[in-house]
Amino acid sequence: MGYFDVPEIDYTRYTDRQLAAVPLAVLGVALLVLAGSFLLFGTPVQLGMDFAGGTELTVQTTTPEEDIPEAFDEDPESVQAVASPDAENQYIVQFTSTEQEALSEQAEANLEPDGDASVIQQVSSTSASFGQQTQQTALLGIAVAFLGMSVLAFLLFRTFVPSIAIVASAFSDMVIPLAFMSLAGIPLSLGTVAALLMLIGYSVDSDILLNNHILRRSGDFYESTNRAMQTGVTMTVTSMMAMLVMGTAAWIFGVELLASIGIILFVGLAADLMNTYMLNLSLLRWYKFHGVRS
Amino acid sequence: MNPIAFVKEYWRILLLTLFVTAALVALFAPGGVMDDDTLVEDENETVEDNPTNLEYGLGLDGGTRISAPPTGMTADIDIEPGEEREVETTLYEELGIDSSDGIVRYHEDDNRFTAEVFDGDVTPGEFAAALQEAGVDVDEDDVNDGVTQQTRDEMINTIDLRINEAGLSGGNAYQEATVGDGYYIVTEVPGMSPGELRDLLTERGDVQIVAYHPDENGTQTNETVLEGEEFDNVGSASYDDRRDQNYVPVTVDNTEDEDGNSPASEYQAAMNEYGFTSDGMGQCTIHDRETGEFDFDPDNPQWCLLTVVDDEVVDAHSMSPDLGQSMADGTWENDPTFQMIVPTQQDAHQLSVNLQSGALTAPLDFSSEQTYSLEPALADQFKFYSLIIGVLSVLTVSGMVYLRYSDPRVAAPMVLTALAEVVILLGFAALIRMPLDLSHVAGFIAVVGTGVDDLIIIADEVMDEGDVNSQRVFESRFRKAFWVIGAAAATTIIALSPLAVLSLGDLRGFAIITILGVLIGVLITRPAYGDILQRLLTDK
């Protein structure tokens, strides 16, 4: 009916095993990546400043980008230019040290001011022990959210297989973006934790929709599946596009919080498409045709 | 159609209209809806060209935030009422700490006593040993990290006072709980640099007047004669042209206790006893005002009054003849005022702030702090970017929806409904004066995302299997769609509720906005969209 139509997939051509194999393999690879990173670096995902501690300065200076590290006694972790249209000569400089005051002084002393603007536009500094606290709090938050979602899934459907299908694909929806972060070198920050929690909410939407169509409606399995997909894929793709645009725009403007939320949600929603319509679907089909014995 | 039937049929749309109107009023009505306190604040805010009643937080307005836990440890102790002083004194002696670094409190609400020590160098073992020395039965395991709620409340009060005295509005201090039973004290001040705020928080602000005088044997000794809390009335930093002096005018407390003594009378007695008002008048030469240095190994006997802030001598001066005379006569205590002289205007200002706000009960532990600071110029950019990012996201969503349905009758109300949700949320934020930050912007975008998801579910469900030609068919389909939406909303709320409660800085705003948005969506806007769609599709 529109320019963008959801393709109908002929699920009869694939067995449950074949369907489930792909998302499970991807999940396996993701877990391997996280385990490997854990063995190599001690954490599954690189921890950002919010969790590991450190200092980040946003400076406005006419000093060329390559000379910025020389202004500081300590080598910066990274120097990134902010590419937004009306913010020339803005750079985000990150350090592992938490000597926020010393670093600010060095910046003010050694970087050329850009007109009347203050050299230091933004400072954020977290000590290691504060980061440790935040990390525990964030882990607790994710655990509680996941548990709450699982309990709710069971309450909604009151049968084991459909509920566990939702929980499994939500789990995979979170693990795959985490592995992506690990590979792409995106550090775990408060923004990404928010995105992971949002993913629980978003990803369960399409799973509930699919389960609802298949289990609570009359009609042929494949017909129900197709109807659910029409709606569900539209939903997820729309959200993906919104997140992609938000993530890209925010990244260009140097608004990190929004950038990380956008990018992680985009990857997570892509993983959700696969998990919902392959993993969840195969579990449901098995349940519908073989699982219900009465 | 009679009015009752009209309301009955369109109540969902009416409700939406009502909420959007209310939100617009809250957003744009000059002065805001709750105008009691706006009048006061508007005096210094009218210059801002803020077209809405929205308030912005640190992340969109600039300023500095420092979070740090208080230093200290506490132990519950089992003592009889009236023994507090005794235990306190033993603590000071055993641990060799100042009287400001330890306190025994009685907690009325649950009838218990606690002892606290605010010195980072004291170990829990030493603390427990000192308490045992005072006859209290505790061991190391009974000692907890952190300070009592009263101490934190006092600290927050002091910090609030200091921010206000620095002449900055809009700042505030609050506490935030961490996992476990730790607490952070968070201070936010717009328009202050991290260095300035750090100074304001590092200063313990413990002011003492110490009498530096020869004892019976002629050796110089120190005696604390006045402490911060014994001042009754503290003026602001002042300057005396005639004598070229910076000073703070102060009044010493002269309320008498049951023995007829007051801090003022005790101070006066001490001054007379130590000879400040007789031999010692004008006899203080240890302070070289040119270099600002002190010579504590003088040749002649010295009678100096030292102004000590946080164990550091700020100034030393002698008793002035006028003041000394009135003390010798014993009349000073009836009008116990004097001027505390300090070297610079900066010192005078700080001294005044310290005396007025009182000492920070416990120092903050800056080894586990978090600092965030943003220049107002960059904050303005962020405001602008957030707007662009928001608009771009909405355009993307609209574009996708149009591509999918290619029917403006379905797509247009969908986008408008999603926007109505944001407007209602913004109105709500303006109404409760929630300071908006970047995280809230992320929340708004998330709301548009989940909102449109749900509208797609409604649209697909309602248009399922051909045209909707009767009210009954519509209602039943709408109810089916609503089950999914309700379930999805419940999971989003559950997933984000930990963030709304836990102290994860920026994320609380995101979670609160998203949860509110989902609630507004499910209860108000999404049902209304169903009604709009029905009108358009059934061609009534």
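Here is how names work: the chains are called A, B, and so on, in the same order as the sequence lines, proteins then strands, and each is numbered from 1.
To the nearest 0.5 angstrom, B:Arg508 atom CZ is 12.0 Å from A:Leu190 atom CG. Taken from CG in B:Leu392 to CE in A:Met246, the straight-line distance is 11.5 Å, to the nearest 0.5 Å. Rounding to the nearest 0.5 Å gives a distance of 15.0 Å between CD1 of B:Ile493 and CE of A:Met149.
Taking 4.5 Å as the limit, some side-chain heavy atom of B:Ile445 sits within range of a side-chain heavy atom of A:Met243. Inter-residue side-chain proximity for B:Tyr385 and A:Ile252 is flagged as unmet; no heavy-atom pair is nearer than 4.5 Å.
The heavy-atom pair separating A:Ser239 from B:Asp453 by the smallest distance is OG-OD1, 2.9 Å. A:Ile208 and B:Ala488 make their closest contact through CD1-N, 4.0 Å (heavy atoms, listed as atom of the first residue, atom of the second, distance). When all heavy atoms of A:Ala194 and B:Leu499 are compared, the closest pair comes out as CA-CD1, 4.2 Å.
A:Ser127 places a side-chain N or O within 3.5 Å of a backbone atom of B:Glu369 that can act as its donor or acceptor partner.
At a 4.5 Å heavy-atom cutoff, the contact between B:Tyr184 and chain A is made by side-chain atoms alone. Of the two parts of A:Ile261, only the side chain, counted from C-beta on, holds a non-hydrogen atom closer than 4.5 Å to a non-hydrogen atom of chain B. Neither the backbone nor the side chain of A:Thr248 comes within contact range of chain B; no heavy atoms are under 4.5 Å apart. Using a 4.5 Å cut-off between heavy atoms, A:Ile120 touches chain B through its backbone atoms (N, CA, C, O) alone. Of the two parts of A:Leu197, the backbone and the side chain both hold a non-hydrogen atom closer than 4.5 Å to a non-hydrogen atom of chain B.
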